[in-house]
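Okay, structure first, notes after.
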Amino acid sequence: MEVFDSPPDIDAQWLSRDSTLVAPDLIGCTLVRQMPDGTLLRGLIVETEAYGLNDPAMHAYRRATARNQVMFGEPGITYVYLIYGIYHCLNVVTDRATVPSAVLIRALQLETMPDWIDPQQQLKPQRVAAGPGKLCRAFKIDLTLTGMPLLPGQALWLEHRDFQFQQQLDQGKSSLVQTTRIGLTQGIDLPWRWYLSNCAAVSRKG
DNA sequence: TGTAAGATCCTA
DNA sequence: AGGATCTTACAT
């Protein structure tokens, strides 16, 4: 029988590029969450947004603060923040140190349903991680996970696209859509959002 | 110390 | 269209 190797993990070197280059490349990659008890959760990244220099929507646009300081650090580190007092959002820090930039992970297509998700929920399974706040809730990502290295064996890490996904893209059977970012009051015209077309797990179309 | 806004989500 | 809910950032 055929054996498929798991795609290689994503390293800091690969993330050491402009966030607008990393964001589309992360579509189709996998986010892996390891719980304290060793349980593994996996989700396909289907929607991302880039935040970077000279971007008024970027949290460190004005100055470095206690919250955003990890964005000035090395690539391959998490940046988690709390929004509206309720939801957490997960970013991957990109580019070289001293350049504040990150990619917001906006939606995941889950491989398996976490135990703590109530199946009685009216929510369709495909929508459980369809949004930056929802995916952090599904994966139990909170402020304790900010500033952590994305490395295998840690709480979170990333894996490259598998061969099948890349082939679907190359053959035009699926494609990426690039649009403006969601929920902003500044930098609203920058086309720095990408999502997988024809995917039910994307937070919203257009 | 006070205050206003926020890279969201759910309900009506 | 509006409310939940509270941290953060910046002004005073």
Side-chain angles (χ1 to χ4, degrees), chain A residues 15 18-27 31 43 45-73 75 77-95 99-110 114 116-148 150 156 158 176-196 199-206:
Chain A
L15 296 167
D18 192 290
S19 60
T20 59
L21 298 177
V22 174
D25 282 358
L26 275 175
I27 303 292
L31 178 69
I45 298 172
V46 297
E47 181 181 351
T48 58
E49 283 178 358
Y51 291 84
L53 279 178
N54 304 318
D55 167 14
M58 198 266 294
H59 283 172
Y61 178 65
R62 297 168 71 94
R63 70 191 79 257
T65 67
R67 177 177 69 159
N68 66 41
Q69 64 174 348
V70 302
M71 276 204 286
F72 292 85
I77 304 292
T78 59
Y79 168 49
V80 181
Y81 67 91
L82 182 64
I83 187 68
Y84 295 105
I86 308 174
Y87 297 99
H88 298 277
C89 291
L90 170 68
N91 293 256
V92 175
V93 174
T94 56
D95 217 315
V99 178
S101 65
V103 172
L104 172 69
I105 309 298
R106 283 195 54 92
L108 299 175
Q109 185 170 57
L110 299 187
W116 50 85
I117 300 294
D118 185 0
Q120 294 294 83
Q121 260 179 322
Q122 301 171 340
L123 208 56
K124 293 188 210 158
Q126 291 279 52
R127 305 296 299 167
V128 166
K134 294 167 77 177
L135 75 88
C136 283
R137 191 178 53 190
F139 272 16
K140 296 197 171 182
I141 295 167
D142 61 21
L143 291 181
T144 66
L145 295 184
T146 199
M148 304 272 292
L150 288 151
L156 292 164
L158 298 162
L176 302 191
V177 180
Q178 179 176 189
T179 65
T180 52
R181 298 173 295 182
I182 289 181
L184 307 179
T185 57
Q186 307 208 341
I188 58 176
D189 293 328
L190 294 173
W192 288 359
R193 172 174 175 249
W194 289 265
Y195 65 88
L196 186 62
C199 178
V202 167
S203 69
R204 57 192 238 205
K205 310 291 187 183

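In what follows, chains carry the letters A, B, and so on, assigned in the order in which the sequence lines appear, proteins first and then strands, with residues in each chain numbered from 1. Every value quoted in this text rests on a predicted model; they were computed, and no experiment measured them.
Remark: the backbone N or O of A:Val202 is paired with a side-chain donor or acceptor of A:Arg127 at under 3.5 angstrom. Between the side chain of A:Thr180 and the backbone N or O of A:Pro191, no donor-acceptor pair lies under 3.5 Å. Distance alone, capped at 3.5 Å, is enough to place a donor-acceptor pair between the A:Glu47 side chain and the A:Ser203 backbone.
In this entry the distance linking OH of A:Tyr61 with C1' of B:dA7 reads 16 Å, nearest Å. The separation between A:Arg181 atom CZ and B:dT8 atom C1' is 16 Å, rounded to whole Å. Atom pair A:Met58:CE and B:dA7:P shows a separation of 12 Å (rounding to whole Å applied). One atom, CG of A:Asp189, and another, P of B:dA7, lie 16 Å apart when rounded to the nearest Å. What separates CG of A:Leu82 from P of B:dA5 is a distance of 18 Å, to the nearest Å. Taking atom CD1 on A:Ile86 and atom P on B:dT8, their separation rounds to 12 Å, with Å as the unit. In this structure, A:Asn68 places its CG atom 16 Å from P of B:dG6, rounding to the nearest Å. Going from atom CZ of A:Arg193 over to atom P of B:dA7 covers 16 Å, rounded to whole Å.
Judged by Watson-Crick or G-U wobble contacts below 3.5 Å, the nucleotide B:dT1 has C:dA11 as its partner.
At a threshold of 4.0 angstrom between heavy atoms, the contacts of A:Ile83 are confined to the sugar-phosphate backbone, with no base atom among them. At a threshold of 4.0 angstrom between heavy atoms, the contacts of A:Gly85 include nucleobase atoms, whether or not backbone atoms are also involved. Using a 4.0 Å heavy-atom criterion, one finds that A:Leu104 contacts the bases of the nucleic acid, with or without backbone contacts as well.
For the OP1/OP2 pair of B:dC9 and a distance below 4.0 Å, the side-chain nitrogens and oxygens of A:Arg127 include no atom meeting the criterion. The side chain of A:Thr185 places an N or O atom within less than 4.0 Å of a non-bridging phosphate oxygen (OP1 or OP2) of B:dG6.
Taking CD1 from A:Ile45 and CD1 from A:Ile105, the interatomic distance works out to 4.0 Å, rounded to the nearest 0.5 Å.
Checked against A:Pro132 for a side-chain contact (heavy atoms from CB on, under 4.5 Å), the options A:Leu108, A:Ile182, A:Leu104 give a single hit: A:Leu104. Exactly one of A:Leu21, A:Asn91, A:Thr94 qualifies for a side-chain contact (heavy atoms from CB on, under 4.5 Å) with A:Val103. That residue is A:Thr94.
Between B:dG6, B:dA7, B:dC10, one nucleotide has an atom nearer to the side chain of A:Tyr87 than all others, and that is B:dC10.
Taking the P atoms as reference points, C:dT5 lies 22 Å from B:dG2, given to the whole Å.
Where DNA chain C meets chain A (any atom under 4.0 Å from a heavy atom), the bounding nucleotides read 5' to 3' are C:dA4 to C:dC10.
In this structure, A:Tyr195 has no ring-ring contact (aromatic ring centres under 6.0 Å, His included) partners at least two apart in sequence or on a different chain.
Contact check for A:Leu53 versus A:Pro100: side-chain heavy atoms found under the 4.5 Å cut-off.
The aromatic ring of A:Tyr81 does not stack onto the base of B:dA7, failing the criterion of a centre distance under 5.5 Å from the six-membered base ring together with planes under 30° apart.
The base of B:dA5 does not come close enough to the side chain of A:Tyr84 for any donor and acceptor atom to sit less than 3.5 Å apart.
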